Amino acid sequence: MTTANPSNLNASTPAYMGIGGTVQEYCWTWQGQTMQVIYERRGGGFPVLMLPAFSTVSSRAEMSGIAAKLSEQFEAIALDWPGFGQSDRPSLDYRPAIYHQFLQDFVLSVFDQPVAIVAAGHAAGYALDFACNHPDRCSKLVLTAPTWRGPLPTMGAPDSVAGFVRQTVRSPLLGQALYQLNTAPSFLKWMYERHVYTDAAQLTPEFMDQKHEITQKAGARFAPAAFVTGGLDPVHQREDFLKWFQTLPTSIPVMVLIGEQAPPKSKAEMEALATLSSGQSNVQIHRMSGTLGLHEEYAAEVADVIQPFLQS
């Protein structure tokens with residue numbers, strides 16, 4: 001791990017890209033490919049690692065509202081996943097093994113004590129896997145609108161179609177053109193209105209322009225294409241996702257936040273977790289307004305719910 005000069009990094013980081021803390025770099029290598037992963041620290045005290053949801057516009061800034069509240073009592077740490085946000089975006093064959101290994105290496109390298117993890121969306125599966133394999137390094141888990149299936153598989157697209165789309169987007173000319181069409185501010189706003197935010201009034205032109213800018217970094221299309229087509233799904237069926245939950249040591253307290261307005265198929269997976277955990281003393285289920293982006297749209301409300309849980 002290498003840590004760059006925090007002041008230089010902060011100076012080059014737009015405010016909307018971060019959580020308002022000290023920006024640092026983590027140098028990580030995957031199969032001979034070295035990349036710089038950006039993460040940020042705010043506050044002090046017991047560490048809480050916040051993992052943003054995978055999406056075309058994934059960024060640690062999604063966690064800024066939660067970080068602002070938690071940093072009053074904890075050290076809030078948020079990262080940009082490899083291939084997303086301000087982290088390097090090499091042309092890798094992005095797949096779950098990369099992110100399972102990255103999360104393990106990052107936590108074991110950066111922290112010298114157990115951490116609480118707040119994971120949004122698809123990050124939930126990776127956080128669960130880490131906690132199952134390293135129970136001594138994870139003190140608590142908070143899963144906000146947890147999902148495990150990408151957009152195209154959720155829509156019912158066959159694996160062959162999803163694979164074709166993924167490879168097409170990776171192609172030099174046609175792929176870049178398709179990516180630009182699917183990351184235009186107008187298209188991003190349409191997607192946000194459908195299943196990310198519940199209040200369209202918050203989707204201002206400035207907000208959507210900021211989201212669009214996240215998509216414009218060199219190599220930006222590779223990891224998002226993998227996510228959208230199901231290539232980053234940590235499992236391929238509900239039973240395997242629930243198995244992580246079942247094998248998680250009961251010594252690790254877990255809170256699951258379910259967005260009441262989440263899309264029906266995604267909400268069904270969240271409710272399956274709630275049903276499975278019924279009667280488990282280490283699991284708390286909390287239902288609240290919001291959909292897949294509740295961790296960002298309702299950040300203050302989420303922070304109010306999870307702060308007592310993290311304190312206990």
Side-chain angles (χ1 to χ4, degrees), residues 48-55 58 60 62-63 65-66 78-79 81 84 96 99-100 103 107 115-133 135 138-154 195-198 227-228 230-250 252-278 280 282-299 301-303 305-306 309-310:
V48 179
L49 175 62
M50 298 179 294
L51 306 176
F54 289 112
S55 75
S58 176
R60 69 187 188 277
E62 297 169 23
M63 316 304 287
I66 299 175
L79 58 77
W81 292 105
F84 295 93
Y99 295 96
H100 286 303
L103 184 57
V107 175
V115 297
I117 299 178
V118 178
H122 250 49
Y126 294 95
L128 280 167
D129 176 71
F130 175 80
C132 286
N133 288 296
C138 179
S139 60
K140 294 182 180 180
L141 271 179
V142 176
L143 311 179
T144 72
T147 60
W148 59 265
R149 190 167 49 195
L152 275 186
T154 298
H195 54 237
V196 183
Y197 268 43
T198 60
F227 163 70
V228 169
L232 300 188
D233 293 356
V235 295
H236 296 291
Q237 54 187 1
R238 176 187 292 179
E239 290 72 17
D240 292 333
F241 188 69
L242 297 180
K243 186 177 180 180
W244 270 327
F245 213 71
Q246 290 174 307
T247 58
L248 189 70
T250 57
I252 300 178
V254 182
M255 173 175 279
V256 179
L257 303 186
I258 297 176
E260 293 284 20
Q261 290 79 39
K265 290 184 178 180
S266 297
K267 189 175 180 182
E269 303 304 328
M270 302 175 203
E271 292 293 354
L273 280 180
T275 299
L276 178 69
S277 63
S278 178
Q280 289 186 225
N282 66 312
V283 179
Q284 297 183 33
I285 304 296
H286 188 87
R287 294 173 175 82
M288 60 181 296
S289 293
T291 180
L292 301 184
L294 66 85
H295 61 287
E296 182 177 26
E297 182 179 13
Y298 293 98
E301 292 83 352
V302 169
V305 170
I306 68 176
F309 172 77
L310 295 173

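Note that the coordinates shown come from a computational prediction; the quantities given were computed from them, not determined experimentally. Position 1 is the first residue of the sequence, and the numbers go up from there.
- By the 4.5 Å heavy-atom criterion applied to side chains, Glu271 and Arg287 are counted as neighbours.
- The CH2 atom of Trp244 sits 11.5 Å away from atom CG of Leu273, with the distance rounded to the nearest 0.5 Å.
- When all heavy atoms of Ile117 and Ala127 are compared, the pair lying nearest together is CG2-CB, 3.9 Å.
- Taking each heavy atom of Thr154 and Arg149 in turn, the nearest pair found is OG1-O, 3.3 Å.
- The salt bridge (charged side-chain N to carboxylate O under 4.0 Å, His left out) search around Glu297 returns none, not counting sequence neighbours.
- For the pair Glu260 (side chain) and Met288 (backbone), a donor-acceptor distance under 3.5 Å is absent.
- For Pro263 against His195, the heavy-atom pair with the smallest separation is CG-CB, 3.4 Å.
- For Glu301, there are no salt bridge (charged side-chain N to carboxylate O under 4.0 Å, His left out) partners at least two apart in sequence or on another chain.
- A search for salt bridge (charged side-chain N to carboxylate O under 4.0 Å, His left out) contacts involving Lys140 returns nothing, not counting sequence neighbours.
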Residue pair His295, Met50: steps toward the side chain to side chain contact (heavy atoms under 4.5 Å, CB included) verdict: CA-CA 10 Å; His295 61 287; Met50 298 179 294; over 6 Å; no
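- Remark: Tyr298 pairs with Thr198 by the side chain to side chain donor-acceptor pair (under 3.5 Å) rule, at least two apart or across chains.
- A donor-acceptor contact shorter than 3.5 Å is absent between the side chain of Thr144 and the backbone of Leu257.
- Nearest heavy atom pair, residue Pro249 against residue Ala131, reads CD-O, 4.4 Å.
- The structure places OG1 of Thr247 at 10.5 Å from CG of Leu242, a figure rounded to the nearest 0.5 Å.
- Counting heavy atoms from C-beta outward, His122 and Thr147 have side chains that approach closer than 4.5 Å.
- Atom-to-atom distance recorded for Met63:CE and Leu49:CG is 9.0 Å, nearest 0.5 angstrom.
- A salt bridge (charged side-chain N to carboxylate O under 4.0 Å, His left out) check over residues 233-246, counting only residues at least two apart or in different chains, returns the pairs Arg238-Glu269.
- The distance from the CE atom of Met255 to the CG atom of Leu141 is 12.0 Å, given to the nearest 0.5 Å.
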Pair Val256-Phe245, side chain to side chain contact (heavy atoms under 4.5 Å, CB included): steps then yes or no: CA-CA 11 Å; Val256 179; Phe245 213 71; 4.0 Å; yes
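- Scanning both residues, Ala262 and Met270, for their nearest heavy atoms gives CB-CE, 3.9 Å.
- At least one donor-acceptor pair closer than 3.5 Å links the side chain of Ser58 to the backbone N or O of Ala53.
- Atom CD of residue Glu62 and atom CG of residue Leu51 lie 11.0 Å apart, to the nearest 0.5 angstrom.
- Taking all atoms of both residues into account, the shortest heavy-atom contact from Thr291 to Ala145 is O-CB, 3.9 Å.
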Intermediate values then yes/no, ring-ring contact (aromatic ring centres under 6.0 Å, His included), Phe84 and Phe227: CA-CA 11 Å; Phe84 295 93; Phe227 163 70; 7.5 Å; no
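- Interatomic distance, CG of Leu103 versus OH of Tyr126, reported as 10.0 Å (0.5 Å rounding).
- Within the 3.5 Å criterion, the main-chain N or O of Ala116 finds a donor-acceptor partner in the side chain of Ser139.
- In terms of the side chain to side chain donor-acceptor pair (under 3.5 Å) criterion, Gln284 has no residue partners (sequence neighbours excluded).
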Residue pair Leu128, Leu143: steps toward the side chain to side chain contact (heavy atoms under 4.5 Å, CB included) verdict: CA-CA 9 Å; Leu128 280 167; Leu143 311 179; 4.1 Å; yes
